[in-house]
Novice: 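My structure is below; once you've seen it, I'll send some questions.
Note that the coordinates shown come from a computational prediction; the quantities given were computed from them, not determined experimentally.
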Amino acid sequence: MKNYITLSDIDHVETIIREARSLKSKNASSKPGKGKTLGMLFFNNSLRTRLSTEKAAKLLGMEVMVMNADKDGWALEFEDGAVMNSDKAEHIKEAAAVLSQYCDIIAVRAFPGLKDKEKDESEHVLNSFKKYASVPIVNLESATGHPLQALTDAITIQEFNKAERPKVVLSWAPHPKALPQSVANSFTEMMQRLEVDFVITNPEGYDLAPHIRNGVKVEHDQEKALKDADFVYIKNWSSYEDYGQVLNVEKNWTVDQAKLKNTNNAKVMHCLPVRRNVVIADDILDSENSIVIHQANNRTFAAQAVLKRILECRKE
Amino acid sequence: MKNYITLSDIDHVETIIREARSLKSKNASSKPGKGKTLGMLFFNNSLRTRLSTEKAAKLLGMEVMVMNADKDGWALEFEDGAVMNSDKAEHIKEAAAVLSQYCDIIAVRAFPGLKDKEKDESEHVLNSFKKYASVPIVNLESATGHPLQALTDAITIQEFNKAERPKVVLSWAPHPKALPQSVANSFTEMMQRLEVDFVITNPEGYDLAPHIRNGVKVEHDQEKALKDADFVYIKNWSSYEDYGQVLNVEKNWTVDQAKLKNTNNAKVMHCLPVRRNVVIADDILDSENSIVIHQANNRTFAAQAVLKRILECRKE
Amino acid sequence: MKNYITLSDIDHVETIIREARSLKSKNASSKPGKGKTLGMLFFNNSLRTRLSTEKAAKLLGMEVMVMNADKDGWALEFEDGAVMNSDKAEHIKEAAAVLSQYCDIIAVRAFPGLKDKEKDESEHVLNSFKKYASVPIVNLESATGHPLQALTDAITIQEFNKAERPKVVLSWAPHPKALPQSVANSFTEMMQRLEVDFVITNPEGYDLAPHIRNGVKVEHDQEKALKDADFVYIKNWSSYEDYGQVLNVEKNWTVDQAKLKNTNNAKVMHCLPVRRNVVIADDILDSENSIVIHQANNRTFAAQAVLKRILECRKE
């Protein structure tokens with residue numbers, strides 16, 4: 001693997017899931033990262049991604065250097081040809097090239113602005129790093145995707161699955177703030193690579209981008225969608241059509257135990273952080289149905305599998 | 001030791017002091033923390049605690065991950081049953097459970113708000129971590145206590161003590177801001193476990209909580225209290241009775257050389273940071289009487305002894 | 001080497017350059033920093049210095065603890081005898097003494113205020129650390145100098161030089177903000193120690209301090225100065241005479257390919273971050289003339305050579 005920017009960087013998803021689970025089951029004794037350095041750059045807040053990726057790298061024997069990009073370093077300019085006489089002190093061309101000399105892998109988190117669809121979809125931050133860095137780039141959640149989370153989700157579904165072909169429902173949930181579509185996007189892409197029956201349910205106006213859905217069924221009736229579900233992945237995202245907006249929604253989409261009634265005693269997933277009693281009710285999160293904590297644990301092993309693969313590729 | 005949240009988590013204070021001093025005297029060759037991770041979460045600023053605890057963990061062979069809780073991660077909700085539709089993005093239930101999967105020990109600093117006595121005394125931040133985490137919790141100074149500092153203080157008194165039963169005076173000092181009672185509380189509790197004559201002196205209105213004083217003599221006349229002291233621990237705290245307030249005080253409580261005249265050439269202690277010429281005068285801090293720098297050095301070995309004990313307990 | 005605060009801490013510049021280049025050419029197998037701790041304190045932003053010095057220390061086997069001084073710790077007081085009843089919580093006397101117990105080497109970045117020439121020239125932050133710390137201090141850029149950068153620059157010139165005695169020009173460039181003279185100062189001092197023909201070119205009013213120039217020629221005609229140059233070091237600094245001010249300048253001092261015409265196909269250097277098309281034009285930065293990325297890479301080896309020397313000195 002050369003980079004890990006989108007799911008398409010994984011050739012055989014089953015193989016890497018197997019590897020992640022194998023890494024989870026044993027204390028890794030081999031240290032393919034010895035003498036190598038991971039640089040982690042955060043343009044946005046992070047708890048799980050920050051700590052699980054740092055931990056994964058150290059389990060592989062890597063050194064880790066963490067930076068809050070703008071707060072610790074310099075505000076970055078991404079526009080080509082810019083006359084930098086304002087608030088941006090450093091161009092991504094220099095930043096990425098220089099970091100490539102200090103780090104063997106660069107991991108970047110950069111959320112979308114949610115104002116300009118075209119700019120967000122161009123993934124200008126992440127792709128600028130990819131363009132100007134000479135080392136592999138790992139996506140720690142970008143404007144439109146969160147492929148480390150999606151790998152985690154796939155691992156978790158495999159661990160808990162008892163059906164031959166489980167029904168997996170991605171259910172939109174309310175949220176007071178406008179959030180990216182990145183987690184929902186990557187989850188949708190991942191489900192298309194697994195042996196699952198996948199349904200998305202969201203209010204009208206919240207359909208994910210057509211190139212992401214790629215023919216996946218969207219059921220606007222939540223109750224119908226949840227019927228017989230084995231896994232329910234609950235997540236808010238802002239509107240794609242009315243880009244970045246929080247729309248008025250008629251009924252209550254918060255998922256609680258009552259809504260699980262007609263599921264197949266579904267396991268409930270969320271990427272966290274989750275706003276209790278807004279996105280998911282306490283009565284689920286505090287019950288056996290919730291596997292959100294197990295899911296978060298798998299972040300470490302997803303990151304470890306991805307970093308290991310990148311390290312091995314570089315050795316070749 | 002399962003956690004280190006209050007002094008009562010130490011069974012035999014003499015044993016752990018001996019261990020800390022032994023750790024100090026040699027370069028530890030055993031690495032009981034190898035392959036283990038300490039997560040450090042700061043809700044407040046820190047210099048000594050941050051660096052000495054990080055150093056202690058690394059001396060034990062641990063990996064360390066440090067986070068400024070709210071600034072790097074997500075604002076945490078601590079109320080049970082909260083409908084999280086406002087500024088808090090993550091509930092402590094998830095945060096503590098998730099961190100327990102990435103870390104073998106979690107260390108937390110969370111100061112009191114000093115507005116609501118009941119809330120502060122409930123130690124809702126620290127106790128929420130204890131309740132929802134599945135790994136040991138170390139108190140890096142909480143709303144009402146600073147037991148790592150108190151262990152440091154005990155080590156330091158033992159190192160410098162020449163008397164059979166030294167007289168130790170905790171002397172309140174002025175300060176422009178309202179500070180927690182935590183250091184004074186834990187010091188008072190620790191002194192009750194050592195073979196010392198312990199006296200507290202503070203202005204009227206500044207008596208520590210009765211359940212902390214626990215019968216310890218409070219002498220409102222500072223001059224009287226300091227007489228024949230072998231150790232003077234100087235520290236400001238805000239009022240407990242008039243909770244969190246800075247009261248008007250008639251005389252000058254700043255300690256200087258003149259005030260040490262009637263002591264037994266007392267050693268002067270402070271947890272640091274100390275405001276010079278407000279809490280303690282230059283003529284003490286720059287003299288042989290001051291042992292505040294030696295005291296700060298012992299932070300490393302107090303933390304090392306506590307972490308070592310927790311690691312050993314987990315192995316059993 | 002006891003400290004690395006100014007270039008004068010280097011006895012034989014050629015020897016340390018050779019050592020840095022030797023460290024660069026091989027994966028260091030010896031770990032003279034094993035069991036030692038580097039503490040890095042930032043009073044200002046940093047990307048290259050932060051990551052390259054952290055990496056250098058780890059390459060030597062050291063543990064590294066990084067702190068944003070005021071944001072993570074306590075606001076520091078530097079005035080002797082201050083009555084600390086305002087916004088400063090800790091005096092440098094305690095901070096430096098305490099850090100000396102947790103760290104084997106302390107590295108500090110502290111930019112000038114650019115308001116008070118005398119205060120900046122006294123290097124009160126860095127020199128206070130030197131005065132009150134009991135361990136070596138490394139300058140990560142101070143009010144008036146950046147000697148790690150200057151060592152990097154010397155290494156880079158040696159690597160790229162083909163002439164017996166190359167012509168090196170330091171050329172002032174425009175910038176929207178008032179910047180320190182530190183990089184230009186240390187570069188000027190370093191050039192006086194190498195076998196080069198050194199010329200400074202800047203607009204009237206921007207002459208560096210006389211005790212820094214020390215007789216070095218200042219040519220106010222940029223075109224004349226650049227003629228036959230082998231290396232052009234481009235850098236902005238604020239006025240020394242009209243201290244800390246950004247003056248109106250008649251002509252355009254931004255360096256682009258047209259201005260390189262009469263040079264000896266000069267290599268172009270900059271310490272980074274660089275504002276494109278303000279300080280240096282894209283047509284240089286994206287060309288073979290630019291060696292700014294190679295230069296940044298040498299930061300690691302300059303830091304490694306300096307830290308190694310300090311570690312070796314302490315063993316003696």
Side-chain angles (χ1 to χ4, degrees), chain B residues 24 27-29 31 40 42 44-59 61-64 66-68 71-72 109 173-177 179 236 254 270-283 285-286 290-301 303, chain C residues 33-43 54 57-58 61-108 128-129 131-135 315:
Chain B
K24 185 179 182 179
N27 283 323
S29 56
K31 300 278 187 192
M40 295 175 72
F42 289 91
N44 304 95
N45 289 26
S46 173
L47 184 132
R48 272 151 293 276
T49 299
R50 184 182 180 114
L51 297 183
S52 65
T53 310
E54 180 172 351
K55 175 143 192 198
K58 286 177 172 172
L59 286 170
M62 300 185 84
E63 296 285 358
V64 181
V66 186
M67 266 189 74
N68 294 316
K71 278 182 265 175
D72 299 336
R109 162 163 287 195
H175 197 285
K177 287 176 59 184
L179 294 192
N236 167 269
T254 306
H270 189 280
C271 58
L272 304 183
V274 61
R275 286 170 177 259
R276 284 176 166 252
N277 303 314
V278 175
V279 174
I280 308 178
D282 279 345
D283 66 6
L285 285 167
D286 297 332
S290 167
I291 56 171
V292 300
I293 304 299
H294 300 88
Q295 191 182 348
N297 192 29
N298 285 329
R299 294 295 309 274
T300 302
F301 310 104
Chain C
K34 203 156 175 285
K36 304 287 181 189
T37 299
L38 172 69
M40 294 175 73
L41 268 188
F42 289 91
F43 290 87
E54 180 173 351
K58 286 177 173 172
M62 300 185 84
E63 296 286 358
V64 181
M65 305 197 293
V66 186
M67 266 188 76
N68 294 318
D70 289 7
K71 280 182 264 177
D72 299 336
W74 307 103
L76 291 183
E77 173 65 65
F78 290 89
E79 298 307 320
D80 215 20
V83 178
M84 294 170 59
N85 56 5
S86 176
D87 56 329
K88 308 293 175 57
E90 175 141 44
H91 200 282
I92 180 66
K93 286 188 185 183
E94 275 72 52
V98 168
L99 285 168
S100 300
Q101 298 177 126
Y102 302 156
C103 307
D104 298 280
I105 300 174
I106 301 172
V108 180
S128 297
F129 273 98
K131 184 170 177 186
Y132 297 118
S134 55
V135 298
K315 253 185 262 163

Novice: Against chain C, label B:N68 side chain, backbone, both or neither, depending on which of its atoms sit under 4.5 Å from a heavy atom there.
Specialist: side chain
Novice: Can you tell me which portion of C:M67 sits under 4.5 Å from chain B's heavy atoms? Options are side chain, backbone, both or neither.
Specialist: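 C:M67 touches chain B through side-chain heavy atoms alone.
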Novice: Let me confirm one number: the OG1-CE distance from B:T53 to B:M62, rounded to the nearest 0.5 Å.
Specialist: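 B:T53 atom OG1 to B:M62 atom CE measures 11.5 Å (nearest 0.5 Å).
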Novice: Please name all residues satisfying side-chain contact (heavy atoms from CB on, under 4.5 Å) with C:A97, sequence neighbours left out, ordered by chain then number.
Specialist: B:I293
Novice: In chain order, what residues pass the salt bridge (Lys or Arg N to Asp or Glu O under 4.0 Å) check against C:D80, with sequence neighbours excluded?
Specialist: C:K93
Novice: Pick whichever of B:V274, B:N44, B:L272 has the most heavy-atom pairs under 4.5 Å with chain C.
Specialist: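 Looking at each of B:V274, B:N44, B:L272 in turn, B:V274 comes out on top.
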Novice: Check whether B:K71 gets within reach of chain C through its side chain, its backbone, both or neither, counting any heavy atom under 4.5 Å.
Specialist: side chain
Novice: Let me know if B:H294 has heavy atoms under 4.5 Å from chain C in its side chain, its backbone, both or neither.
Specialist: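 Just its backbone gets close to chain C.
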Novice: By a 4.5 Å heavy-atom criterion (distance strictly below it), what part of C:S100 contacts chain B: side chain, backbone, both, or neither?
Specialist: neither
Novice: Quick one: of B:V292, B:N277, B:D282, who has the most non-hydrogen atom pairs under 4.5 Å with chain C?
Specialist: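 Of the options given, most contacts go to B:N277.
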Novice: For a quick test of reading the model, state the closest non-hydrogen atom pair linking C:S86 to B:R275 and the distance between them.
Specialist: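 Smallest heavy-atom distance, with atoms named: O-NH1, 2.7 Å.
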Novice: Among B:A56, B:A281, B:P176, B:P174, which has the most heavy-atom pairs under 4.5 Å with chain C?
Specialist: B:P176
Novice: Is there side-chain contact between C:V64 and C:M40, with at least one heavy-atom pair below 4.5 Å?
Specialist: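 In short, these two side chains touch, coming nearer than 4.5 Å.
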Novice: So what's closer than 4.5 Å to chain B heavy atoms on C:A82: side chain, backbone, both or neither?
Specialist: backbone
Novice: Is there a donor-acceptor contact under 3.5 Å from the side chain of C:H91 to the main chain of C:G81?
Specialist: no
Novice: Are C:L41 and C:L99 side-chain neighbours, meaning at least one heavy-atom pair lies under 4.5 Å?
Specialist: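 Result yes, sub-4.5 Å side-chain heavy-atom pair found.
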Novice: Using heavy-atom distances under 4.5 Å, tell me whether B:R50 contacts chain C through its side chain, its backbone, both, or neither.
Specialist: side chain
